[in-house]
Amino acid sequence: MDTIRYYDIRYVRGNSTTITVENGDVESAGSNFFGKALIRVLGEHGWGYYTASPFDPDNSKAKQEYISRAARAAKLANVSAEIADVPYGSPRSWSCSAAEQAAIPLEEKAALLLQMEGRAKISEVVSTSARYAEQYHDVWFEDCNGYSAKSSTCRTLFTISAVAARSGNMQMNYEQEAVVGPLNLKEYLDCGEKCAKRAVELLDASAVSGGRMPAVLDPAIGGVFAHEAVGHASEGDAVRDGVSVLAGKLGTSVGSPLVTIIDDPSMHGYGYEPFDAEGIACGPTELIREGIMNAYMHSRETLAAVGLETGDAGHARAEPGMQPLVRMSNTYIKEGDSSYDEIIAECKNGILLIGSRGGQVDPGRGAFQFNAKYGYKIVNGETAGMIRDVSLSGDILSVLHNIALCGNDRKMSSGMCGKGQSVPVSDGAPHVYLTEAMVGGSGNA
């Protein structure tokens, strides 16, 4: 008989609608439906998995067959695995099924997206595109202990981009909004013109010389730092596997006393989940509290492996039908008490970095490099000329220690996080002043 120490079933079904527009034409529009269940069995020497589609939660005979198949797969595993015994908690349910969003005809949504994209067609803009998406997920979970949970979530987003060109110089900008729940495109039509104007302004921006200098991070790129540099290094699997610069740092100083960084799945950001992929409800986890490494994010497995006292379970997430992984949700630097003007004045002579165009991080070595959308010089305590092609790089611990002021103006940005699977997340920060930062540039301004 196959040994079954534990099993659970996570079934996700729903539908998604997408519309893409490019240069004034609807390129594609449509909906698709999906439903996948992952049956996970912990055998004597590790995990076995079976993905079922279609799946009927009321078909007991089929469920037993799927569990048996996953158990047979688990017999092949030869990696020690344990799961921590943690309370399930009470999921903070939130009504965000957004029935009114679903009721809007596809044709009306496409027309609004075309209007938004049309407003981006200003002088010197040579190419425009826009995308709209809404997703509805119904999640059903049960495990061998008789525990079960259900949730329904809607996520809606749009992205618009514009490319401006002049005398061989081409610059691109994008704007995006992504929320849990409904999103009325009528309220965002001006984003097309806003996006295009920024792209045109970048044609006149100067490049900047790189080097070490004081810097101010806006909430978007500060949030990327919180997610990419600190968040990934605080994930329990990275800590367990010895590939995190923050491993072994619990209770020690890893940054300025002004720095508190939190991951909160229960927050109503784009990464909201009432319970994780293991059925565990979780509130905010303070990863860094006032500069001290406080806790790691865990699944039940990494919590058992790293130690019950090292953090919180409730951070396992997964695409439909996929294996749970330790993941972030809504990650942010907690706001301080400084105003934006106070931060710029304190920086005096440096650089203001705005927005994010992505980047890369090595959590094991603690090195990172992020590209800003654009920025401004800071001269004598005031913002001056606009700059482009600018980036922030360095090592995580040095940047955390160099934070000298945190603003009172935290904002969140939304997107997707890829870690073998793609899941919705949000990140944010207030304006943050760094006494010293390694700024990359390509010019001689």
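Note that these values count all heavy atoms, side chains included, but never hydrogens, waters or copies made by symmetry.
More than 12 heavy atoms of other shown residues, nucleotides or ligands fall within 6.0 angstrom of atom CD in Glu27. Shown here is Lys334, whose NZ atom has no more than 12 heavy atoms of other residues, nucleotides or ligands within 6.0 Å. Annotation: Asp85, atom CG; neighbour count of heavy atoms from other residues, nucleotides and ligands within 6.0 Å does not exceed 12. The 12-atom threshold is not exceeded at CZ of Arg13, counting heavy atoms of other residues, nucleotides or ligands nearer than 6.0 Å.
Each of Arg10, Arg40, Lys150, Lys63 was checked for a salt bridge (charged side-chain N to carboxylate O under 4.0 Å, His left out) with Glu142, and the lone residue meeting it is Lys63.
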Review point. When you look at Glu301 and Arg240, which way does the salt bridge (Lys or Arg N to Asp or Glu O under 4.0 Å) test go after all the steps?
Key: CA-CA 10 Å; Glu301 181 179 350; Arg240 177 196 60 191; 3.7 Å; yes
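Ring pair His298/Tyr296 is perpendicular by interplanar angle, where above 60° counts as perpendicular and below 30° as parallel. Classified by interplanar angle (parallel below 30°, tilted 30° to 60°, perpendicular above 60°), the ring pair Tyr88/Tyr147 is parallel.
Using modelled atom types, one side-chain atom of Gln176 and one backbone atom of Ser414 make a donor-acceptor pair closer than 3.5 Å. Looking at Asp218, its side chain does come within 3.5 Å of a backbone N or O of Ile221 through a donor-acceptor pair. At least one donor-acceptor pair closer than 3.5 Å links the side chain of Asn294 to the backbone N or O of Glu286. Without hydrogens or angle criteria, Asn330 side chain to Met267 main chain gives a donor-acceptor distance under 3.5 Å.
Counted by atom type alone, Gln369 and Ser393 present zero donor-acceptor pairs between their side chains at under 3.5 Å. A side-chain donor-acceptor contact under 3.5 Å links Asp138 and Ser152.
Two residues are said to be in side-chain contact when any heavy atoms from C-beta on lie closer than 4.5 Å; Thr18 and Thr20 fail this criterion. Counting heavy atoms from C-beta on, the side chains of Leu38 and Tyr49 come closer than 4.5 Å. Under the 4.5 Å side-chain criterion, counting only non-hydrogen atoms from C-beta, Leu303 is not in contact with Asp312.
Interatomic distance, Ser161 OG to Asn173 CG, rounded to the nearest 0.5 Å: 9.0 Å. Note that CZ of Phe158 and CG of Leu113 are 9.0 Å apart. Values are rounded to the nearest 0.5 Å.
Salt bridge status for Glu175 with Arg198: absent, with no side-chain N to carboxylate O gap under 4.0 Å. Taking the charged nitrogens against the carboxylate oxygens, Glu65 and Lys61 have no contact shorter than 4.0 Å, which rules out a salt bridge.
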